[in-house]
Every structure is written in C-alpha cells, then in structure tokens.
Amino acid sequence: MVGLGQSSRLAPCVFRSFGNVGRHSGVERCFSVSVRRCAVSAATVSLRAGVPSVTIRLPGSDRSCVFSCPPVTHKVGDLVRDIKQQDSSVENVSIRSPEGDIIADGTVSGILLRSDFVVHVDGASFPVTVPEDVRNCVEHLDDFRSLVSRLHASLQVAEYDKSHQESLRTRMAQVNAELEPLNEAYGKLAAKARTRSNLAVWGGLGFMAGQFGLLARLTWWEYSWDIMEPVTYFVTYGTVIACYAYFVLTREDYTYPAVRDRNYLMMLHKSFGKTQFPVEKYNALVSESEKIRRALEQMEDPVKAPQRMSEKETSV
C-alpha cells in the first residue's frame with residue numbers, strides 16, 4: 001500500500017488504481033495501487049536520406065520509432081501528432097527547451113533543430129541533443145532559401161507571375177463566356193437524351209411483360225403446355241443469341257447499365273447531329289478551361305498543386 005503523499009519522492013512516476021480511492025481523517029488512501037517509475041530516456045537526431053529524423057523509444061513500444069522532421073515543411077505540431085498516431089496509448093506530448101519552456105506547435109522544425117530540446121511523453125522525458133551535422137544542414141538550407149529569395153527578387157519573378165496570372169484569368173473569362181451558351185445547349189440535349197433513354201428502358205420492361213402475358217394466354221387458354229413448351233424454348237434461346245450478338249457487335253458484356261448508357265450516348269450524338277452542335281469546339285474549350293484552371297492552381301500554390309493534379313490523374 002502506497003500513499004499519494006509519497007509521489008514526490010518517486011517523481012516522475014505513473015499511478016494506476018485497480019481499487020477504490022477514498023478519504024479518511026483528512027488522509028488520502030489508495031488501495032491496490034501499482035507504481036512504475038518512468039525512466040528518463042534519451043532521443044537522437046540524425047540525417048536519413050538528407051532529412052533530419054528524431055529517433056525515440058516510446059513507452060508503449062519495444063522498438064525505437066523514427067520520425068522525419070523536414071526543416072521547411074514540418075512543424076512541431078506535426079511531430080506531436082505523429083507520436084500520438086504511432087502510439088495510441090500516449091495522451092500528452094509536449095516539446096520543450098532544456099530550460100522547460102514549451103515550444104509552440106506552429107514552430108517550424110528548422111528553428112527547433114537549431115538547438116537542443118526535450119520531448120515529454122506522458123511524464124517521460126527524452127532529452128534530444130542536436131548534432132553538429134544536422135545544425136549545419138539546417139543552416140545551409142536557410143542560406144539556400146535566402147539565395148532563392150534574392151534570385152526571385154532580382155529576376156522579378158513575382159511581377160511576371162502576377163502579369164501571367166492576369167492574362168490567364170482574362171483568357172479564363174473569355175473561355176467561360178464562350179462555354180456558357182454551349183453548356184446551356186448541351187444541358188438541354190443531355191436532358192432530352194436521358195429522357196428518351198429512360199423511355200427505352202421502360203419500353204423494354206413493357207415488352208417483357210407483354211411477352212409474358214402472350215405466352216401465358218397461349219399456354220392456358222388457346223393451346224396447351226405440350227404445344228407451347230418448344231415455343232418458349234426457342235424464345236429463350238433467341239434471347240441468348242440476341243445478347244451474344246450485342247457482345248459481338250459492341251465488344252461489351254450485355255448488362256443493363258451498359259445498354260442504358262450506350263443508348264443514352266447514341267441518342268445524345270444523334271441530337272448533336274440534328275442540332276449541329278459544335279462538339280469539337282465544345283471539347284476544345286472544356287480542355288482549355290481545365291488547363292488554365294490547373295495552371296492557376298499551380299501558380300497560387302506551386303507545392304500542393306502538382307500533388308493534387310497527380311492524384312486526379314491517378315484517380316481517373
């Protein structure tokens with residue numbers, strides 16, 4: 001039995017109660033309490049593939065975990081989040097200076113790696129000593145960023161980007177103005193083709209119901225099953241032949257969604273021919289509008305825009 005008043009001599013430590021905690025005569029008592037000392041371990045920082053990485057042995061893991069800390073794109077809050085995701089039992093994580101000051105989550109990792117720091121995980125302390133090669137890497141990266149900024153200013157890239165964005169937006173407005181009447185006409189033709197396609201689907205259902213009624217009438221009222229049995233066989237086999245002929249002609253499986261979509265496209269292109277809708281011009285304008293939109297996204301955010309573009313191309 002260990003009293004709560006003894007925790008100051010065992011700090012830092014973790015208390016886990018398996019019984020009831022009560023008070024008696026102003027003295028706190030804790031029943032069936034197990035005490036585990038939290039060892040003060042050390043963490044290391046090293047360069048892995050040119051990227052600073054922090055190696056920590058978490059309390060809930062028997063192996064060391066490596067967390068990448070890119071100096072430019074990574075922040076202290078990202079390191080805290082990665083530690084919590086790696087070990088679900090971790091509740092409190094904080095990054096502090098050797099003097100005990102808490103380092104804000106919004107601090108860039110490049111600033112954090114300039115000096116030593118301490119990682120606190122649920123009461124356990126992990127002192128981190130930043131080696132000289134990591135500090136030199138961060139300083140060289142800062143020098144490179146400063147050089148790029150000076151080149152950017154000397155070459156007047158910002159003014160060029162601004163003028164280029166204005167020209168792209170002007171062209172985007174022109175393309176949208178040309179697309180507006182075409183989109184309206186396309187929407188009407190697409191709605192008309194969709195309506196006709198749905199009518200064809202319902203017509204097929206009506207044909208099947210009529211066929212069923214005719215065969216039933218001939219079987220039980222006009223003739224007998226002995227006469228109608230071979231007729232129904234040939235009707236069924238004829239349907240199989242029709243489905244196979246559809247596959248031979250279209251090179252697609254005969255499925256109801258595929259037949260409906262094919263019928264819709266056929267009716268849509270038939271409407272294009274009747275109304276002389278400029279399909280090639282419409283497709284060219286849509287493609288140009290998409291290219292301009294992607295170029296504007298890349299100029300506004302040159303880091304994330306290519307990632308979004310690659311994700312869209314992969315999903316398609």
Side-chain angles (χ1 to χ4, degrees), residues 1-24 26-135 137-138 141-142 303-304:
M1 184 179 300
V2 180
L4 293 178
Q6 297 175 343
S7 61
S8 60
R9 295 193 299 270
L10 299 177
C13 55
V14 178
F15 293 93
R16 293 183 180 178
S17 175
F18 301 92
N20 298 324
V21 178
R23 294 178 178 272
H24 181 69
V27 180
E28 295 181 351
R29 295 184 179 180
C30 181
F31 299 93
S32 301
V33 177
S34 63
V35 180
R36 179 174 59 89
R37 290 183 178 272
C38 295
V40 178
S41 304
T44 59
V45 179
S46 59
L47 291 176
R48 293 176 177 266
V51 179
S53 302
V54 180
T55 304
I56 305 176
R57 184 183 295 273
L58 298 177
S61 177
D62 56 347
R63 294 184 179 180
S64 299
C65 302
V66 180
F67 302 95
S68 298
C69 297
V72 178
T73 61
H74 203 267
K75 297 183 179 180
V76 173
D78 298 328
L79 177 59
V80 172
R81 185 194 66 244
D82 294 343
I83 293 175
K84 290 183 178 180
Q85 290 180 353
Q86 181 66 28
D87 191 348
S88 58
S89 64
V90 174
E91 296 180 357
N92 299 318
V93 179
S94 63
I95 311 298
R96 304 190 180 190
S97 64
E99 293 77 16
D101 298 329
I102 298 178
I103 301 176
D105 292 344
T107 305
V108 181
S109 296
I111 299 177
L112 176 67
L113 297 174
R114 288 177 177 271
S115 59
D116 300 340
F117 57 92
V118 182
V119 180
H120 293 269
V121 181
D122 287 343
S125 299
F126 298 90
V128 179
T129 301
V130 181
E132 192 66 24
D133 57 342
V134 176
R135 299 186 184 184
C137 177
V138 175
L141 182 60
D142 291 341
V303 176
K304 296 182 180 179

Value for CG (L113) from SG (C69), rounded to nearest 0.5 Å, stands at 6.0 Å
Using residues 99-108 as the side-chain source, report each donor-acceptor pair under 3.5 Å to any protein atom, sequence neighbours left out, with the distance given to one decimal.
residue	atom	partner	partner atom	Å
E99	OE1	S97	OG	3.4
T107	OG1	A104	O	3.1

Of T129, V128, V76, the residue whose pairing with F117 passes side chain to side chain contact (heavy atoms under 4.5 Å, CB included) | V128
Taking side chain as C-beta onward, heavy atoms only, is [X] less than 4.5 Å from [Y]?
X: V45; Y: P131; result: yes
X: F67; Y: I83; result: yes
X: N92; Y: V121; result: no

Would you please test I56 and C65 for side-chain contact (heavy atoms from CB on, under 4.5 Å) and show each step?
-> CA-CA 5 Å; I56 305 176; C65 302; 5.7 Å; no
Considering all heavy atoms, the nearest S89-D122 contact | O-OD2, 3.7 Å
Say whether, by atom type as modelled, one donor and one acceptor occur between the side chain of D116 and the main chain of V130 under 3.5 angstrom.
-> yes
Excluding sequence neighbours, so at least two apart, what forms side-chain contact (heavy atoms from CB on, under 4.5 Å) with [X]?
X: S94; value: R96, H120
X: P70; value: V51, S68, T73, H74
X: S46; value: R48

Which is it for I95 and L112 under the side-chain contact (heavy atoms from CB on, under 4.5 Å) test, yes or no, and what are the steps along the way?
-> CA-CA 9 Å; I95 311 298; L112 176 67; 3.9 Å; yes
Going by the salt bridge (Lys or Arg N to Asp or Glu O under 4.0 Å) test, which pairs reach into residues 68-86, not counting sequence neighbours?
-> D78-R81
